[in-house]
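Letters go in sequence order (proteins before strands), and every chain restarts at 1.
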Amino acid sequence: MSHDAHVYSKSQTEYEYTRRVRREAMRGQVTTFAIMIFLTLIAFSAVAAGFSEYFIVPILLLLAAIQVVLQLYYFMHMSEKNHGMAAFFLYSGAILGFTLFLTFLTIVWWN
Amino acid sequence: MNTTKKEGFDLAMMKGLKKWRLYSLLAVLTIFLSGCGEEYLSTLTPAGQVGKEQFNLLLLSTGIMAIVIVVVLIIYVLAIVKFRRSKVGENVIPKQVEGSMTLEIIWTVIPILLLIVLAIPTVAYTYKHADVSGMTAVDAEGNKEAVTVNVTAKLYWWEFEYPDLGIVTSQELVVPTNEKVYFNLKAADVKHSFWIPTAGGKMDTNVENVNQFYLTFDKESAGLKDGVFYGKCAELCGPSHALMDFKVKTIDRKDFDVWAETMKTTEHVAQGELATSGEEIFTTSCIACHATSGAGTAGGVGPNLATFGDRNRVAGFMDLTEENVKNWINDPESHKPGNLMPQPEEINNGEKFSEEQLDALAEYLMGLSVEK
Amino acid sequence: MDFNTKYTPQSWPDHPEQVTLEGKNKFLGFWLFLAGETVLFSSLFATYLALKNKGPSGMEFSTQTLFELPLVFVMTMILLTSSLTSVYAMYHMKNHNFKGMQTWLAITVILGIAFLCLEIYEFNHYVHLGFTYGQSAFSTAFFTLVGTHGLHVAIGLGWIILLLIRNAKRGFSLYNAPKYYTASLYWHFIDVVWVFIFTVVYLMGVVG
Amino acid sequence: MSSIAKKKGFGASLWDYLTTVDHKKIAILYLAAGGLFFVIGGIEAMLIRIQLAKPDNDFVSAGLFNEIITMHGTTMIFLAAMPLLFAFMNAVMPLQIGARDVAFPFLNALGFWLFLFGGLFLNLSWFMGGAPDAGWTSYASLSLASEGHGVDFYALGLQVSGAGTYIAGINFLVTIINMRAPGMTYMRMPLFTWTTFVASALILFAFPPLTVGLFFLIFDRMFGGNFFDHTMGGNTIIWEHLFWIFGHPEVYILILPAFGIFSEIFSLFSRKRLFGYSSMVFATVLIGFLGFMVWAHHMFTVGLGPTANAIFSVATMAIAVPTGMKIFNWLLTIWGGSIKVTVPMLYALGFIPSFVAGGVTGIMQAAAPLDYQLHDSYFIVAHFHYVIVGGVVLAILAAVHLYWPLMFNQMLSEKLGKWTFWFFFIGFHCTFFIQHFLGLMGMPRRVFTFGADQGWDTFNLISSLGAILMAIGVIILVVNVIITIVKNEKVGNDPWGDGRTLEWAIPQPIPFYNFKQTPLVRGLDTFWIEKQEGNKEGMTYAEPLSDIHMPNGSIIPLVMSFGLFVASFGALYNGEKDWAIPVLVLGLAITFASMAIRSIKDDHGFHVHKEDILKNEGGNK
Ligand code: HEA
Ligand code: HEA
Ligand code: CUA
Ligand SMILES: [Cu+2]
């Protein structure tokens, strides 16, 4: 393409600065990962502990939702700018998917 | 038709429309619409409360739609007439208008109002027509008050079981007039849909559940051309979907009780020599699938033939004549492709029935009756 | 500027996957694809929920008796970890550290393969119990949902392996950066789906 | 590479089309293939009408009739209407936004070949033991019960062609989001681009449920699954939901681009800016959104219960509001304009009353209790042909005339065009208006024949006669096309004289790289603005002339699609023929191998050099 960006070389300080920012971001990612592992552990042990179904199911879904948000926003960088359209379409898809759940749980029935 | 007009009127009143202008529009529509279609088949000549209410909805919605179309057409015709290039001049550059907020609001609000007028009776009727709470009502002695019919749709015929009366029939539904008749609907093989256009809208018969609804029949069918209303299968179910018709006989409650009683009690005896030999063939070849007693429950492989002689169709769609009965038995497949009645060769030791055998069978079958 | 321009860590752009128009397109197109996949998996999940524990009369299998959580737990840990390793890979891509990226992706692949083997083991186990694909509506829905996820894992693995081999000798370019980036997005998405599978299918299945 | 105008032999041109990744050529491929399928679907329609012309007819048998209606519906929707719209989206949309091509030229070609092979596969069923016969909706209990391989052809064929559609959808979305010329903000995009955008978004979300549903059907029929077998715990209603969650948005996928085409036509031939542009955009988006919330209006009689029916009734009615906004905005566009009744404008003018009539019957059906009567009757058939033929097909025919000069640098005959219009238009109303009454008179749809005692004879005959008029119209169009191609008179750009949008500004014949420099867009109807300001060239440029980077052609899309075509045969005969699984594997191997080759072989494309561009100025110099 004829109008691509120009090659731009960072100065040494600039370069080191970005490296540092990235390193910190990576540390954040590892924390995210730790949280995810932790949430998973909670989920599995809650089930293993055998609490009542009505108590546990909402918690499981909540934990899953948090994990997914973490994946999307940190691992998949949706928190960064430039993801407006991606987020819009993804959420539209998710909303439609949710409608599907509702439907299939209510107006598909059994003998 | 008078009642229809009146109900159309009530409806309009109820919704507080510009009353009588809509009234006259609806009246004209009613007359126009009921001009077409056969009385025993058309949704435009409703013969029951459900059908009438749905017909009212048709009138109301047609009226609204007529308004919409007229408005659009007026603007449209005026625009075409006034703004042709030949009129405005070859080189004119029209003003490049962006839009108009006022107009936008007008044509958002007015349709919304029109839709609200339509939506209110729609929602009301939706609930009303789904209300089957009366199905289980019992009188002081604990007997069911209303008639309930279990409809089973099968490739390509209909079975009607009256669980509270202990009787079963097929192809021809018999119901009392002027009361709610409740239906439990299901399909035995693939999906079908149960539709009596004059009585009211259809309901699907699914394979995995039982659907319920009710209909009422205000008019006795005796005066109609064939003495019956027509019923249809309305869901594509295979090659002979088009031929999966049934008939509806509506009689008053007294006659209905009599009919039900004879159904339960009549033991059929073949009359005459020919019929007796027909009965013999029947008991060897056919009885496995076809019951000849009206008492019983659903689940027949083939249609129950206890009332065969009272019907006015063979296999739901051919005129009930001896000739047609013979043709049918002789070669069901060519009359109703894909149907599940075996060809004679399969039930008669690999041979076709002889002409005499067919005559005998036909004679016997035509004699099966609870009404004569 | 060309696809073949050689970069140093200093001149390597901050978002190498989105510098060229092709990269931008690929990036957006891939996200849109994932949005569609969301609907696809929602349909599968919804069907699974509707058919869960449904079968011919007298069916002996149910979610409560069938699933074994320890195995699922191990699988979950493996897949979650592989998500982290692919984050590391992308971290090295941004730093223009090609080796680092390849190494972390290779680890991701190994974890992915481990996951897939466990899944195959699990399926095989069920089939031996008599819980075959055609056993009931429940089994069909289960295998289809979890199997579709497994298929995604397999495709993801094939894709990443191809990238690893293909570019081993070439190093970074603006041509392959978007490919690596989208592959890692795909891998995360697989993980997202798995989060729902282990929650909705296994955990909620065991609960009731 | 830069020798563009050289005469080529037939073989070379053929190879050129088989390997092309140029959106303009792919548009022509879509037009040709879609046109072919339209004629096939039309012939099937004629067979339907012949069979129903008189009662108790035995022109075709019951089973064959079901195959014909199924193939008619499926062909028309998936293989004719959608691809024909894709043809214009491909031909016009990138030019309208000032782009060099679509975002993924390679995928664009892939999408086309998938569609074509899927369509061929589906139609091969006629010669390989019978076509599908469970209706285009293929409701599960019947489609599982259906014997032979017809329904297998349906499921696999739609799966393959559906993948192509899905790819095309994503491609258009990315193109519109990322590749608009400088200054082409969202609120300056021509309406056809907008409707392409929203329709593509609908494709993105509507096709996955179809894919899933079709996979279920494939698994159930060919691989021992139990999704819909109720004796094994399955449930057929799942199919109905999945189908209609796809199916309803699908009808808006068809109608929105049609709306776009008419928006262009109304403003072009009224010499007037589209009235209420921003509310038109808003309405388009709203229709797209609501389109996903109403699918159960096809299932009112299924027994979902009054609450579900009431909700879906009201939600469905709501769609009248944005659609009405559009209708009135069009009326106000021609109001005060300078209307020139060319052939495209004739279609547009014919569209308004036809579509409104079809739309309002849709609202009637939305009233659930009334729909209990109307459902699966000929009233429905009348409704959807009014919106589809009166909306989508009229739009396609209009676009053929409107964009023919853009795509081929020739003008279709206006005279023959008008003949086509009148035959088709009168025939159309004749065929379908009467069907409303047939439905009300109790005639169910999908009946292969009807008895003489039911009072439906005359109306059915009228309907069939109308269909003949339509066929004559189509034949005149075919003649028109042939004559025009043979005559081959070049017309240059802006042949309608009043072009407003960028596609009319580009010189004819359009160079394969489109705009030599990316244009600068200075407002809505940018070409019109430039012309009004006396800019002879019709464009201002946003960048200096420089080398242009273009993608290489490739045969891989074709091979990849062919692989799936082969694999489909394997799946189809699974469990029946020994060679089934090997063929399935072979087909998938072809596809995956071509994918691997594609990703292993770097394809950086090539550059067109400045000097060559200067040498190759388009036709208006
Ligand atoms: C291009 C295709 C297309 C389009 C645009 C539409 C548009 C609409 N359709 Fe239609 N429809 C189909 C194609 C289409 N349909 C098909 C193919 C089927 C049958 C499938 C099958 O079973 O095989 C079908 C079936 C169908 C049904 C199911 C019927 C049944 O099987 O029982 C229903 C029910 O609600 C329905 C409703 C609507 C509505 C409300 C609209 C609305 O979008 C219409 C909106 C437009 C207007 C209303 C006109 C303009 C508005 C104004 C001028 C403003 C003022 C208006 C009012 C106040 C009313 N359609
Ligand atoms: C885009 C969609 C589309 C289009 C354009 C059409 C166009 C037409 N359709 Fe149909 N139709 C459907 C979609 C469409 N249809 C669907 C989805 C169904 C439901 C199927 C189902 O129930 O499952 C249906 C069902 C359907 C039925 C109901 C069948 C039944 O329920 O039993 C009928 C009956 O009249 C019919 C008629 C017609 C006619 C006369 C046309 C005409 O407009 C066709 C006009 C075109 C021509 C007439 C072309 C003629 C060409 C020639 C004659 C050849 C010339 C050749 C050369 C010169 C080489 N269609
Ligand atoms: Cu039974 Cu149609
Ligand atoms: Cu719809």
Side-chain angles (χ1 to χ4, degrees), chain A residues 1 3-12 14-15 18-19 22-23 25-26 29-30 32-33 36-37 40 43-44 46-48 50-51 53 56-57 60-61 63-64 67-68 71-72 74-77 80 82-83 85-87 89-94 96-98 100-101 103-105 108 110, chain C residues 1-2 5 7-15 18-22 27-28 31-32 34-39 41-43 45-47 49-50 54 69 72-73 76-77 80-81 83-84 86-88 90-91 94-95 174 184-185 188-189 191-192 195-196 198-200 202-204 206-208:
Chain A
M1 284 283 143
H3 42 266
D4 284 342
H6 297 284
V7 179
Y8 167 79
S9 210
K10 295 191 178 80
S11 71
Q12 190 61 26
E14 223 181 330
Y15 174 60
T18 34
R19 299 270 311 202
R22 283 200 197 115
R23 221 169 15 248
M26 192 58 225
Q29 302 282 41
V30 177
T32 311
F33 175 71
M36 281 165 37
I37 295 287
T40 313
F44 273 89
V47 171
F51 293 115
E53 182 185 341
I56 241 176
V57 169
L60 289 179
L61 289 174
L63 292 178
Q67 281 223 30
V68 166
Q71 280 272 0
L72 288 173
Y74 295 100
F75 285 9
M76 296 167 84
H77 310 289
E80 292 172 14
N82 211 347
H83 284 68
M85 274 292 165
F89 278 93
L90 198 75
Y91 285 125
S92 308
L96 178 63
F98 185 69
L100 273 161
F101 279 127
T103 322
F104 279 46
L105 289 174
V108 171
W110 305 103
Chain C
M1 184 173 61
D2 206 81
T5 316
Y7 288 89
T8 64
Q10 250 128 319
S11 65
W12 186 237
D14 280 343
H15 288 282
Q18 286 192 68
V19 173
T20 60
L21 180 63
E22 280 79 359
F27 170 81
L28 179 65
W31 271 103
L32 296 184
L34 292 183
E37 289 266 284
T38 307
V39 181
F41 273 105
S42 303
S43 313
F45 271 107
T47 308
L49 286 179
K54 298 291 193 290
L69 287 189
V72 178
F73 181 71
T76 306
M77 285 304 154
L80 280 181
T81 311
S83 222
L84 182 71
S86 79
V87 172
Y88 266 111
M90 285 307 104
Y91 169 67
K94 293 207 165 156
N95 281 341
L174 291 182
S184 95
L185 277 184
H188 290 301
F189 183 76
D191 215 11
V192 168
V195 168
F196 279 108
F198 86 69
T199 304
V200 173
Y202 292 105
L203 292 180
M204 279 165 62
V206 169
V207 169

Discussion item. Out of C:V200, C:L28, C:T76, return the one with the most heavy atom pairs under 4.5 angstrom to chain A.
Written reply: C:T76

Item to complete: Check whether any side-chain heavy atom of C:Y88 lies under 4.5 Å from a side-chain heavy atom of A:M26, and answer yes or no.
Response: yes

Worksheet entry | Approximate separation, where rounding is to 0.5 Å, of C:Y91 OH and A:R23 CZ | 5.5 Å

Fill in: Residues C:T199, A:L63; criterion side chain to side chain contact (heavy atoms under 4.5 Å, CB included); working and verdict
CA-CA 9 Å; C:T199 304; A:L63 292 178; over 6 Å; no

Worksheet item: Would A:H83 and C:F27 count as a ring pair (Phe, Tyr, Trp, His ring centres under 6.0 Å) if you check the C-alpha gap in whole Å, the side-chain angles of each, and the deciding distance to 0.1 Å?
Response: CA-CA 10 Å; A:H83 284 68; C:F27 170 81; 5.1 Å; yes

Discussion item. Other residues, nucleotides and ligands only: do more than 12 of their heavy atoms fall within 6.0 Å of OH on A:Y74?
Written reply: no

Discussion item. For C:F196, which atoms come within 4.5 Å of any heavy atom of chain A: side chain, backbone, both, or neither?
Written reply: side chain

Worksheet item: Side-chain contact, heavy-atom cut-off 4.5 Å: C:V72 with A:F44?
Response: yes

Practice prompt. Grab the two heavy atoms, one from A:M36 and one from C:L80, that are nearest each other, plus how far apart they are.
Written response: CE-CD2, 3.6 Å

Response to the item:
Sorted by chain and residue number, the salt bridge (Lys or Arg N to Asp or Glu O under 4.0 Å) partners of A:R22 (sequence neighbours excluded) come out as C:D14

Worksheet item: For A:L105, is it the side chain, the backbone, both or neither that has a heavy atom under 4.5 Å from a heavy atom of chain C?
Response: side chain

Discussion item. I need the C:S184 OG to A:H77 NE2 distance, nearest 0.5 Å.
Written reply: 6.0 Å

Worksheet item: Which heavy atom in A:N82 sits nearest to a heavy atom in C:Q18, and how many Å separate them?
Response: ND2-OE1, 2.9 Å

Response to the item:
chain A shares the most heavy-atom pairs under 4.5 Å, among C:W12, C:F198, C:F41, C:F73, with C:F73

Practice prompt. Could you check if a side-chain atom of C:L69 sits within less than 4.5 angstrom of a side-chain atom of A:V47, using non-hydrogen atoms only?
Written response: yes

Response to the item:
Turns out that what part of A:L90 lies under 4.5 Å from chain C's heavy atoms comes down to both

Item to complete: Quick one: which of C:V206, C:V207, C:L203 has the most heavy-atom pairs under 4.5 Å with chain A, could you say?
Response: C:L203

Worksheet entry | Contact leader toward chain A among C:V192, C:T38, C:D191, C:V87, where contacts are heavy-atom pairs under 4.5 Å | C:V87

Fill in: Interface moiety of C:T47 toward chain A, non-hydrogen atoms closer than 4.5 Å
both

Worksheet item: Can you find a heavy atom in the side chain of A:T18 that is under 4.5 Å from one in the side chain of C:K94?
Response: no

Discussion item. Do C:F189 and A:Q71 have side chains that approach each other closer than 4.5 Å (heavy atoms only, starting at C-beta)?
Written reply: no

Worksheet entry | Per-residue contact mode, A:L60 against chain C (heavy atom under 4.5 angstrom) | both

Practice prompt. Identify the heavy atoms of A:L100 and C:S43 that sit nearest to each other, and give their distance.
Written response: CD1-OG, 3.8 Å

Fill in: For C:H188, ring-ring contact (aromatic ring centres under 6.0 Å, His included) partners two or more places apart
A:F75

Worksheet item: If you count heavy-atom pairs under 4.5 Å between each of C:V39, C:T81, C:L32, C:N95 and chain A, which one has the most?
Response: C:N95

Fill in: Under 4.5 Å from any heavy atom of chain C - which part of A:F101
both

